Structures are given as C-alpha cells and as structure tokens.
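One structure is given below, encoded as structure tokens.
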Amino acid sequence: MVLFNAEDKREKLSSGKTLDFEETILITKGHHLWSNRSHKMMEILEDTNGRNDFLLAPCSPETFQIMYQNPEYHPSCFENLYTNLAAFGLEPDDVPTAFNIFMNVQFSADGKLTVAPPTSKAGDYVLLEAKMDLIVGLTACSAEQSNNYSFKPIQYEIIRAQN
Ligand SMILES: [Zn+2]
C-alpha cells in the first residue's frame with residue numbers, strides 16, 4: 001500500500017519517517033503511517049495478524065531479474081502501482097517504499113533479511129483510519145516468495161466516517 005496526499009501529491013508515505021517516529025520497524029495496531037513531511041497519513045486501528053513490513057520496496061521487474069534470476073516478464077507490485085496511479089498524475093518515480101501489509105520479513109541480529117511465508121490466515125485484516133484526504137494505491141504482491149507460492153485476491157472496503 002502506498003499513500004499520497006490528495007491535495008498535494010508531493011506529500012507521500014514515508015517508511016523512514018514512520019520507523020523514526022514510531023521507534024520500531026514492526027508497524028502494527030496503534031501506530032501511525034507518516035508522510036515525508038512528518039504528518040500523520042493513517043492510523044492503524046486494528047491488525048488481526050500483526051506482522052507487516054516497511055523495509056522493502058515494491059517488487060519490480062528488476063526484483064525478479066536481480067534477485068530471482070528471472071529474465072522473463074513478470075508482473076510486479078511496482079508495475080501495478082504506477083500503471084494505476086497514472087490516472088492521478090503520478091509517475092513511476094513518485095512511488096515510495098510501500099507499507100507491505102502481512103509481508104513477513106525476518107531479520108537476524110547481524111542484519112540479514114529474509115522473506116518468510118506470511119503468518120496471516122484467511123479473514124485477517126487491518127483497519128486503517130485516514131488522517132487526511134488520500135490517494136491510496138493497493139496491490140496484491142505477485143512475488144512467489146512473499147506469498148508462499150500461492151496467490152489469492154485481496155479485498156478492501158472504504159468506510160465513510162460518521163459525521
Ligand atoms: Zn510485490
């Protein structure tokens with residue numbers, strides 16, 4: 001998931017600011033997602049799985065070439081995001097590090113990163129509250145390793161605030 005301020009798209013989701021202000025790399029219920037301008041973009045109200053990643057960039061064609069030695073075309077989060085965000089005047093270079101909901105990235109004491117199968121189960125969800133008007137980019141990841149080699153649709157619902 002990536003976020004942009006609908007009023008000024010140069011303001012966008014920031015992994016660095018979020019990890020800094022929340023003082024953790026494990027972002028879950030009770031934390032906020034912060035922008036590059038140090039504003040709260042969303043609050044995580046519920047997270048039934050509780051394991052998310054905010055370190056890794058959206059997978060792209062290069063991810064499959066460089067990491068997985070796959071020279072063939074492969075769909076990717078990055079392509080899904082920039083092709084659909086183009087309707088909002090956003091370009092590929094605008095796409096920030098995504099908040100990777102349910103992605104299970106493990107790290108060892110010496111800093112080694114590995115992508116493990118998600119711990120989420122059917123029915124798990126996150127409930128996010130927008131703190132500003134947002135453009136939200138959402139994609140299901142097409143990297144085999146991130147999904148335990150099993151691809152399933154994701155669902156989302158937009159709940160309007162009661163005023
Ligand atoms: Zn992906």
Side-chain angles (χ1 to χ4, degrees), residues 1-6 9 11-20 22 24-29 31-36 41-42 44 46-108 111-128 130 134-158:
M1 180 179 75
V2 294
L3 307 173
F4 300 86
N5 179 346
K9 290 170 282 193
E11 180 168 24
K12 59 188 176 182
L13 182 64
S14 170
S15 170
K17 289 296 183 190
T18 300
L19 303 187
D20 194 353
E22 300 297 338
T24 176
I25 56 174
L26 295 176
I27 302 299
T28 183
K29 178 178 177 177
H31 295 135
H32 287 87
L33 301 176
W34 294 78
S35 77
N36 58 327
M41 302 190 91
M42 278 185 161
I44 306 176
E46 296 180 34
D47 180 359
T48 61
N49 176 53
R51 185 75 188 206
N52 310 294
D53 169 68
F54 211 178
L55 297 173
L56 303 189
C59 67
S60 65
E62 295 80 7
T63 306
F64 297 96
Q65 293 162 14
I66 294 169
M67 296 191 72
Y68 304 136
Q69 287 77 46
N70 177 4
E72 308 294 322
Y73 172 78
H74 196 296
S76 65
C77 287
F78 184 63
E79 181 184 14
N80 291 344
L81 289 168
Y82 79 73
T83 55
N84 289 284
L85 289 167
F88 299 91
L90 291 157
E91 299 182 3
D93 283 344
D94 296 323
V95 175
T97 296
F99 180 55
N100 300 310
I101 296 167
F102 296 170
M103 187 175 183
N104 184 11
V105 175
Q106 295 289 327
F107 37 87
S108 61
K112 173 73 176 168
L113 294 175
T114 52
V115 178
T119 56
S120 53
K121 305 175 300 299
D124 276 331
Y125 65 92
V126 291
L127 179 63
L128 303 148
L134 292 169
I135 297 166
V136 179
L138 200 59
T139 174
C141 186
S142 45
E144 287 79 0
Q145 289 78 356
S146 300
N147 297 287
N148 206 24
Y149 298 87
S150 167
F151 301 107
K152 295 178 280 301
I154 54 173
Q155 280 90 41
Y156 70 93
E157 181 181 0
I158 300 169

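Keep in mind that the numbers below use all heavy atoms, side chains included, and drop hydrogens, waters and symmetry copies. Since the model is a prediction, treat every value here as computed from it, not as a measurement. Remember, it's 1-based here, ligands and their atoms both numbered in the order they're listed. For this chain, numbers begin at 1 and follow the sequence in order.
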Original post:
Does one side chain, of T139 or N80, offer a donor that lies under 3.5 Å from an acceptor on the other?
Top reply: yes
Original post:
Distance only, no hydrogens: is a donor on one side chain within 3.5 Å (strictly under) of an acceptor on the other, for N5 and S35?
Top reply: no
Original post:
Sorted by chain and residue number, which protein N/O/S atoms are under 2.8 Å from the Zn ion (ligand 1)?
Top reply: C59 SG, C77 SG, C141 SG
Original post:
How long is the gap from OG1 on T28 to CG on D47, to the nearest 0.5 Å?
Top reply: 3.5 Å
**OP:** Compare all side-chain heavy atoms of P96 with those of F4 and state whether any distance is below 4.5 angstrom.
**Re:** yes
Original post:
Do other residues, nucleotides or ligands put more than 12 heavy atoms under 6.0 Å from Y73 OH?
Top reply: yes
Original post:
Going from CG on N100 to CZ on F54, what distance comes out if it is rounded to the nearest 0.5 angstrom?
Top reply: 8.0 Å
